[in-house]
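Keep in mind the model is a prediction, meaning the values are calculated, not measured.
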Amino acid sequence: MLLKPTFNLSLKTLIAYKPPSFFLNCRSCRTRSLKPLNPITQFIFPKPSQHFCTAAAASAADDGATLIKKHQSFITNRHPQSQMSRNAEKRRRYESPSGKLLFLLGLCSKDNNLEEALRLYDDALVNNVPLNVEHYNKLLYLCSASDSDLGLKRGFEIYKHMESCKNNNGIKVIPNEATFTTMARLAAAKEDPELAFDLVKRMKEGCGISPKLRSYVPALLGFCKKGMADKAYEVDCYMVENGVAAEEAELAMLLRVSFDSGRTDKVYEMLQRLRASVRQVGEDTAGLIEDWFRSDCAAGDGVVDWDVGKVKEAVVKGGGGWHGQGWFGKGRWQVTRTEMDETGVCKACGERLVCVDIDPLETENFASSLSTLACQRETRADFLQFQEWLQKHGPFDAVVDGANVGHIKQNYFLFNQLKSAVNLARKLSPSNKLPLVILHSGRVKGQHIGNPKNKTTLQHWQESGALYVTPQGSNDDWYWLYAAISSKCLLVTNDEMRDHLFQLLGTSFFPRWKEKHQVRLSVTREGLKFHMPPPYSIVIQESEQGSWHIPTVIGDDFETRRQWVCANRTKR
């Protein structure tokens, strides 16, 4: 059985090592060593006084330039402690009383066993086991997750002890964001939203820790439950000042407290914020909006005479779909659930929805950001080469995500299905131009080996400048997304683009762009069918006459008819 090397070199690297001559000479210390019969045995079984200079090995290794960056000498009988592996160090930490306690607390957290965790904590205090912030966070989390008075009582006790405690190095234990957030939840459970808000302020102003959205939720929820609208707005304002954006759940809380307190101006504000950031609402939020429009408070608010010119100007300035000038009209709202026809006309009120503009500068900035991110995540030279190719052969009228299209409705890749999609996309082109097909190199190689007709088709696409083969080891998502955005064209794919890669984009622009440019496909008895982007924007819309249309979320099934909340008053 071979022993593990005493320093950090991989087995693959050791096997690749090839000394260039019979002797190895150290340029620094002039030590000369015989070349071993097997380089691996030299590393694993070094002689007590053997000298090995990795600088010399680096110059001889096939990939030495990236393996070893500076001269190192190992003399085994002089520095035995330097040979301790990281695994041994980890084992030492895990086997310490603190490490064992952390492990057991993790098990308690997994099983939601507060009583056992508190017993372990009390024993640790009796036996003077050093505690760090991880121990306290696990304990506090269990206390906050419990509905019992015990969790509430002991949670504040543990936090108080933490504030006065020091770790095994004599340094005071410093709480982190998770600590403050958990304590804010405990404060909310104690029905003390003021304390929860104070904890968030202390986190930011006292400790310099940037709160996350979850840090604000306990205080916001607590004030909303108590009907303390002004305090809830104060928390919301503090969030905005610190660059934390409220999501649908938080905006729905503010909408509810505004509704209950009769603050019609704030209801209007929250609807506009839902329009700007959420766009499509869940069922609970849709129900809340319906309740608002049916209320006496909503019926009594609004202006009868408004400046039509000013409203039109505001609509144009905002890109369409809203004006932000307040409630129009008086009297009861007519509220119904309805659908839009294919042209965007509401089946309930007959009003046509609009297509909200996307600023061209936004598209250019997003394409630039996407390129930067792709170069960081992909091999930079490969992606830059693709951009050069795109400049030479583009722009295109459509881009096809080859792998996704070829797999629709089956677990295997169907090349004929991809061919059909390419032909359909070509018919959509005003100039009858082939779309750009993005395929991974492994997929193309497989098709070359297979049917000769497929090879001919691929060759035709390639000669026409309509096929780009992404290199081995790459993620072709970056390629087809960048090609579609930079060409300002349609993107043919059923990919919902919700995985980690697309979350990295972190911008409200992407869902707006996808809504306007993504072409989805379904397989029918007659063959492939394209589902084109709607001619209107699927976003909360406020018309120039003051009516509202609020779309609900339908999930990933693009063939399901979307329900809309239509709220309008009798026209003048």
* Looking at Y159 versus Y136, is the centre-to-centre ring distance below 6.0 Å? -> no
* Side chain of E250, backbone of E247: donor and acceptor closer than 3.5 Å? -> yes
* Asked: For the side-chain contact (heavy atoms from CB on, under 4.5 Å) test, which of L418, N423, L424 pairs with L528?
  -> L424
* Below 4.0 angstrom, N of the basic side chain to O of the carboxylate: do E269 and R273 qualify? -> yes
* So, for S144 and R185, which heavy atoms are closest and what is the spacing to 0.1 Å? -> CB-CB, 4.4 Å
* H323 and E544: side-chain donor and acceptor closer than 3.5 Å? -> no
* Would you find a donor on one side and an acceptor on the other, under 3.5 Å apart, between the side chain of D476 and the backbone of Y479? -> no
* Do the ring centers of F223 and Y233 come within less than 6.0 Å of each other? -> no
* Any idea how F259 and W292 line up, ring-wise: parallel (<30°), tilted (30 to 60°), or perpendicular (>60°)? -> perpendicular
* Could you walk me through whether D260 and R256 pass the salt bridge (charged side-chain N to carboxylate O under 4.0 Å, His left out) test, one step at a time? => CA-CA 6 Å; D260 292 341; R256 168 60 72 182; 3.6 Å; yes
* Asked: Is the distance between the ring centroids of Y238 and F197 less than 6.0 Å?
  -> yes
* Determine whether the side chains of D401 and T493 contain a donor N or O and an acceptor N or O closer than 3.5 Å. => yes
* Measure from NZ or CZ of R443 to the centre of the six-membered ring of F413, then state whether that distance is under 6.0 Å and the direction lies within 45° of the axis. => yes
* Asked: F156 ring centre to K190 NZ or CZ under 6.0 Å, with the angle to the axis within 45°?
  -> yes
* To do: Mind telling me whether F366 and F510 have parallel, tilted or perpendicular rings, with 30° and 60° as the class edges?
  => parallel
* Structure fact -> Correct closest heavy-atom pair for L390 and A483 would be CD2-CA, 3.8 Å
* To do: Please confirm whether R377 makes a cation-pi placement over W478, using NZ or CZ under 6.0 Å from the six-membered ring centre and within 45° of the ring normal.
  => no
* **Heavy-atom pair with the smallest gap, counting every atom of C489 and F396** => CB-O, 3.1 Å
* Charged N-O contact under 4.0 Å between K310 and E313 -> no
* To do: Applying side-chain contact (heavy atoms from CB on, under 4.5 Å) between S146 and each of N112, L114, L152, report the one that passes.
  => L114
* Asked: Any chance NZ of K201 has more than 12 other-residue heavy atoms, nucleotides or ligands included, within less than 6.0 Å?
  -> yes
